[in-house]
Visitor: 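For reference, the structure I am asking about is given below.
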Amino acid sequence: MPKQKETPTKGVKDEKFISVEDALKQKTGKVALRGWIYRIRKQKDKIFIILRDSSEIIQCIFSQEKFQKEWKDIDKLLNESSLEVFGVIKEDQRAPTGYEVTAERIEIIHYADNFPINKDQSPEFLLDVRHLWLRSRRITAILKIRSTVFGAIHEYFRSKEFYEFHSPIITAGAAESGPTKFLVDYFGEKAYLTQTWQFYAEAAIYALEKIYTIAPSFRAERSKTSRHLTEYWHAEVEAAWYDLDALMELAEGLIKQVLKRVLEKNQKELKILERDPAKLEVSLKKKFPRITYDEALKFLKEKKGHAIKWGKDLRTIEEEKLMELFDTPVFVTHYPKEIMAFYKPRDRKNPKTAVCFDCLMPDAHGELIGGSVRDTDIEELKKSLKSFGEKIEDYEFYFDINKYGAVPHAGFGMGVERFVKWICSLDNIKDAIAFPRTINRYKP
Ligand code: 4AD
Ligand code: MG
């Protein structure tokens, strides 16, 4: 085994190292870099190493003449080995990022084994070695955008003076819909992983009025689709005194704020992903259309020749056909009351419908947000629950909330991975999260 630096952490405190991105900005002079081998190409008397760190890649040249003593060691390096490289940077149009480092000194931190990932591997294999595939430029770019998205969501709600509020992950069960709940053996009793913070949030608005969270939600989804995970990050909001219009205003502002930040911070990543920023800029500039369910049905029939019966939910196919007519997100409001969750109130003006919306995304990305005003009428709530075959006693605490100074309030939930999927234009939601969980995968 060739010699290798003993303590990989040595140098961590050493401030002379700069990121590859900063080296590219520096353009000339001495640089000290550290990272991993992205590609290595060997000639008789020269070795070209493309060095990668979290910021960028850069070509480094090692000549045999200068590295007589270390030549054998360098020659043994494989992809993903970790290194420190000291040298001089200069412009070179032929190099992948336009600059090249002529190496003067090298410290080999760790010799990598043969890296199992190379070109043309199946998506399933790449998911099996996801712990290694994270290093790919593509996943790294998505994860950076994801980080911007989370930061911007927090920033948005805090700028509007919402409090961050946390609800339990382990719950007694009352939630969105029965069959998609994950069962937990809670010391011999049945508990469930949360699907939404909503009922806890509705309790908390009586203390804090305006609250939000970003937390994991769990759905035991049995379907294999490109937009369902079993564990996803859910950005949710609940606000006292809000009506449907105020809620949609808040949702539209959220989407725009996140887009703004991504367009400011992640141009490079969008380029790596070959995502046209102009497609996102449209949504920043235009006001999002608001149409009712009735209008959606009319559009489908008249403009798409696709008729569905009033009272049926919009399925993926209808959502996609409808969204072919738009290039920004669209709010579809006032779905039929009978097919909506029990907490969505009946619209007084049109009692067959509920005061709710779904926010649908263009380019076949489907539903991003579901939201509604909340019903505070205990008798109505009980009637709805019964019609869905739910046990009234499971919801006692929810009725209790509405007994003491109930006020109009509203809230929504947004799947953060769905948002990332749209921003990055991913075919599958699995790539919007580092370690996806789906019906047939919970490893690695
Ligand atoms: O429409 P949903 O089921 O609404 C609720 O849970 C409400 N209680 C939210 C609220 O009002 N506080 O889910 C909200 C959003 C969906 O629009 C979708 O973006 C996302 O959560 N979502 C999923 N994302 C990934 N994988 C899944 N299996 C998802 N199920 C829902
Ligand atoms: Mg929904």
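Indexing begins at 1, ligand by ligand and atom by atom, following the structure's order. The first residue in the sequence is number 1, and the count goes up from there.
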Visitor: Is ligand 1 under 4.0 Å from a heavy atom in the side chain of E221, in the backbone, in both, or in neither?
Guide: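 For E221, the contact with ligand 1 is made by the side chain alone.
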Visitor: For ligand 1, which atoms, with element, lie under 4.0 Å from some heavy atom of E367?
Guide: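 In order of numbering, the contacting atoms are 1 (O), 16 (C), 17 (O), 19 (O).
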Visitor: Under 4.0 Å, heavy atoms only, figure out whether ligand 1 is touched by the backbone of H228, its side chain, both or neither.
Guide: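 The answer is both.
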Visitor: Okay, side chain of T230, backbone of R437: is any donor-acceptor separation there less than 3.5 Å?
Guide: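 Side chain of T230 to backbone of R437: a pair is present.
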Visitor: Looking only at non-hydrogen atoms, find the nearest pair between Y293 and K309 and report the distance.
Guide: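 Where Y293 meets K309 most closely, the heavy atoms are OH-O, 3.8 Å.
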Visitor: Under 6.0 Å between the ring centres of H154 and Y156?
Guide: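 No, the ring centres sit 6.0 Å or more apart.
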Visitor: With a 6.0 Å cut-off on the ring centroids, do F162 and Y212 count as close?
Guide: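 Aromatic pair excluded; centres sit 6.0 Å or further apart.
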Visitor: May I ask you to identify, for F412, whether its side chain, its backbone, both or neither come under 4.0 Å of ligand 1 on a heavy-atom basis?
Guide: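 For F412, only backbone atoms sit under 4.0 Å from ligand 1.
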Visitor: Hey, are T292 and D294 close enough side-chain-wise for a donor-acceptor pair under 3.5 Å?
Guide: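 No pair is found: no donor N or O on one side chain lies under 3.5 Å from an acceptor on the other.
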Visitor: Does this structure show an ion pair linking E155 with K260, if we count only N-O contacts that are shorter than 4.0 Å?
Guide: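 So E155 does not pair with K260 through a salt bridge.
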Visitor: Do any nitrogen or oxygen atoms of L229 lie less than 3.5 angstrom from nitrogen or oxygen atoms of ligand 1?
Guide: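 Between L229 and ligand 1 (N or O atoms, distance only) the closest approach is under 3.5 Å.
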Visitor: Only heavy atoms of R227, strictly under 4.0 Å: list the atoms of ligand 1 that pass.
Guide: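 It comes down to these atoms of ligand 1: 25 (C), 26 (N).
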Visitor: Is E367 close enough to the Mg ion (ligand 2) that one of its N, O or S atoms comes in under 2.8 Å?
Guide: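 Under 2.8 Å: E367 contacts the Mg ion (ligand 2) through an N, O or S atom.
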Visitor: For ligand 1, which atoms have a heavy atom of G411 less than 4.0 angstrom away?
Guide: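 Heavy-atom distances to G411 below 4.0 Å select 11 (O).
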Visitor: If the cut-off is 4.0 Å to any non-hydrogen atom of I369, which atoms of ligand 1 fall inside it?
Guide: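 So the atoms of ligand 1 that pass are 17 (O).
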Visitor: Does Y395 have its ring centroid less than 6.0 Å away from the ring centroid of F342?
Guide: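 Y395 vs F342: aromatic centres under 6.0 Å.
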Visitor: For atom 29 (C) of ligand 1, state which one of W197, F199, F218, Y232 supplies the nearest heavy atom.
Guide: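 When every heavy atom of W197, F199, F218, Y232 is considered, Y232 comes closest to atom 29 (C) of ligand 1.
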Visitor: Can you list the atoms of ligand 1 that are under 4.0 Å from a heavy atom of R374?
Guide: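 Near R374, the atoms of ligand 1 are 10 (C), 11 (O), 12 (N).
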Visitor: Measure from atom 2 (P) of ligand 1 to every heavy atom in K421, R219, Q195 and give the option owning the shortest one.
Guide: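 When every heavy atom of K421, R219, Q195 is considered, R219 comes closest to atom 2 (P) of ligand 1.
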Visitor: Looking at CG of L368 and CD1 of I255, how far apart are the two atoms once the value is rounded to the nearest 0.5 Å?
Guide: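 With rounding to 0.5 Å, CG (L368) is 5.0 Å from CD1 (I255).
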Visitor: For ligand 1, which atoms, with element, lie under 4.0 Å from some heavy atom of Y343?
Guide: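 Here the atoms of ligand 1 in question are 7 (C), 8 (N).
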Visitor: Does an N or O anywhere in G415 fall below 3.5 Å from an N or O of ligand 1?
Guide: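 It does: an N or O of G415 is found under 3.5 Å from an N or O of ligand 1.
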Visitor: Give yes if a backbone or side-chain nitrogen or oxygen of L368 is under 3.5 Å from a nitrogen or oxygen of ligand 1, and no if not.
Guide: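 Yes; the residue has a nitrogen or oxygen that sits under 3.5 Å from a nitrogen or oxygen of the ligand.
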Visitor: With a cutoff of 4.0 Å, is E417 in contact with ligand 1, counting heavy atoms of the residue only?
Guide: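 Contact absent.
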Visitor: I'd like to know if K298 and E295 make a salt bridge, using a cut-off of under 4.0 Å between side-chain N and carboxylate O.
Guide: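 Answer for the salt bridge query: no.
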Visitor: Does R130 make a cation-pi contact with F435 (under 6.0 Å, within 45 degrees of the axis)?
Guide: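 No, a cation-pi geometry is absent between R130 and F435.
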